[in-house]
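This is a predicted model, so every value here is computed, not measured. FYI, the numbering just counts along the sequence from 1.
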Amino acid sequence: MFEIEKGDEIWEFQRIRNVNYQIVQIENSRLPYKLFPNLKEEDISNSIQEYVQRKGYEISHYITSYTPVLINKEQSQLMSCKKGLPAMNIQNRCMLRGGTVYEYSEVIALDYSCTYITPFNKQNHSQRKQKK
């Protein structure tokens, strides 16, 4: 995924997100060392996207998958919640302009909901109409 060679290193870290003094997300992320050899703890404590842009990279897009899951024992201990509680597993592949993956992350989120704004794609709509 990171187009690295055998022996190349990868940064791997875990972050938690608190809302109203409760842990609601666990994020496990990986970044290729060859793109970010000077990554520091303070960098991962803030916005990864901001850090990537400060390093001169241009972010292109994300490929995101959502899968409902149940909280496992390790996650329940970290989040101080019941094992088996429903959650959302959110997997992200974060892409630079040119197609290089700069980050892969998995987020386990409690009480997850989202809203999308999706532009109307007139060309796709026209093609679907013609196939009928």
Side-chain angles (χ1 to χ4, degrees):
M1 163 182 5
F2 291 123
E3 299 176 13
I4 59 176
E5 298 190 19
K6 187 175 182 175
D8 284 354
E9 294 183 345
I10 294 177
W11 291 108
E12 187 171 2
F13 55 90
Q14 183 176 72
R15 306 189 296 179
I16 58 172
R17 290 201 172 89
N18 290 296
V19 174
N20 296 327
Y21 305 102
Q22 181 179 353
I23 297 171
V24 296
Q25 290 185 358
I26 303 168
E27 177 184 26
N28 292 297
S29 295
R30 294 180 183 103
L31 286 81
Y33 180 87
K34 70 180 183 180
L35 293 180
F36 310 106
N38 300 315
L39 184 69
K40 295 182 178 79
E41 188 173 342
E42 70 182 56
D43 298 321
I44 63 172
S45 296
N46 297 304
S47 167
I48 297 299
Q49 291 81 10
E50 186 178 305
Y51 171 77
V52 169
Q53 292 177 85
R54 268 197 334 265
K55 292 298 177 184
Y57 295 110
E58 188 176 348
I59 298 172
S60 172
H61 63 282
Y62 304 95
I63 301 171
T64 306
S65 300
Y66 300 88
T67 306
V69 295
L70 299 177
I71 296 291
N72 66 31
K73 182 179 178 181
E74 181 182 309
Q75 295 160 342
S76 72
Q77 290 171 344
L78 185 58
M79 299 175 94
S80 299
C81 67
K82 287 185 176 183
K83 177 184 169 195
L85 199 63
M88 190 65 71
N89 181 339
I90 306 162
Q91 297 176 331
N92 285 301
R93 277 187 285 166
C94 309
M95 314 291 286
L96 298 174
R97 182 101 29 228
T100 300
V101 177
Y102 75 85
E103 179 185 19
Y104 174 79
S105 68
E106 285 193 35
V107 176
I108 298 296
L110 295 174
D111 300 323
Y112 183 79
S113 65
C114 64
T115 302
Y116 291 99
I117 299 173
T118 307
F120 178 68
N121 188 322
K122 188 174 182 177
Q123 182 180 359
N124 281 350
H125 179 69
S126 296
Q127 289 174 348
R128 287 195 333 247
K129 279 178 40 180
Q130 292 172 4
K131 290 180 182 180
K132 288 185 178 184

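E58 contributes atom CD, which lies 9.0 Å from atom CD of Q53 (distance to the nearest 0.5 angstrom). Separating the CD atom in Q22 from the CZ atom in R17 is a distance of 15.0 Å, to the nearest 0.5 Å. One finds the CZ atom of R54 at 8.5 Å from the OG atom of S47 (value rounded to the nearest 0.5 Å).
Using a 4.5 Å cut-off between side-chain heavy atoms of Ile, Leu, Val, Met, Phe, Trp and Tyr, with links allowed through other members, L35 and I59 fall into the same hydrophobic cluster. Hydrophobic clustering places I10 together with Y104 (ILVMFWY residues linked when any side-chain heavy atoms are closer than 4.5 Å, directly or through intermediates). Hydrophobic clustering (ILVMFWY, side-chain heavy atoms < 4.5 Å, transitive): L110 and I90 are in distinct clusters. Grouping the Ile, Leu, Val, Met, Phe, Trp and Tyr side chains by contacts below 4.5 angstrom, directly or via other members, places Y112 apart from I108. The hydrophobic clustering, which links ILVMFWY residues whose side-chain heavy atoms are closer than 4.5 Å, places Y66 and I63 apart.
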Donor-acceptor list for residues 68-82 side chains, cut-off 3.5 Å, not counting sequence neighbours:
from, atom 1, to, atom 2, distance (Å)
N72, OD1, E74, N, 3.1
N72, OD1, Q75, N, 2.7
Q75, OE1, N72, N, 2.9
S76, OG, N72, O, 3.4
S76, OG, K73, O, 2.7

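Between the side chains of E27 and S29, at least one donor N or O sits under 3.5 Å from an acceptor N or O.
Minimum interatomic distance between A109 and Q25 (heavy atoms only, all atoms of both residues): CB-CG, 3.7 Å.
Surrounding OH of Y21 are at most 12 heavy atoms belonging to other residues, nucleotides or ligands under 6.0 Å away. Within a 6.0 Å sphere centred on CG of D111, heavy atoms belonging to other residues, nucleotides or ligands number 12 at most.
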Checklist entry - Step by step, would you call Q49 with Y102 a side chain to side chain contact (heavy atoms under 4.5 Å, CB included)? => result CA-CA 10 Å; Q49 291 81 10; Y102 75 85; 3.8 Å; yes
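Looking at heavy atoms from C-beta onward, I44 lies out of side-chain contact with L31 at the 4.5 angstrom threshold. For the pair V52 and L96, the minimum side-chain heavy-atom distance is below 4.5 Å. The shortest distance between side-chain heavy atoms of I26 and Q14 falls below 4.5 Å.
In this structure Y33 satisfies the ring-ring contact (aromatic ring centres under 6.0 Å, His included) test together with W11, sequence neighbours excluded.
The hydrophobic cluster containing V24 also includes V19, under a criterion of side-chain heavy atoms closer than 4.5 Å among ILVMFWY residues, counted directly or through chains of members.
Judged by distance alone, with hydrogens and angles left aside, the side-chain atoms of R15 form a donor-acceptor pair with the main-chain N or O of N46 at under 3.5 Å.
The six-membered or imidazole ring of F36 lies near that of Y57, with a centre-to-centre distance under 6.0 Å.
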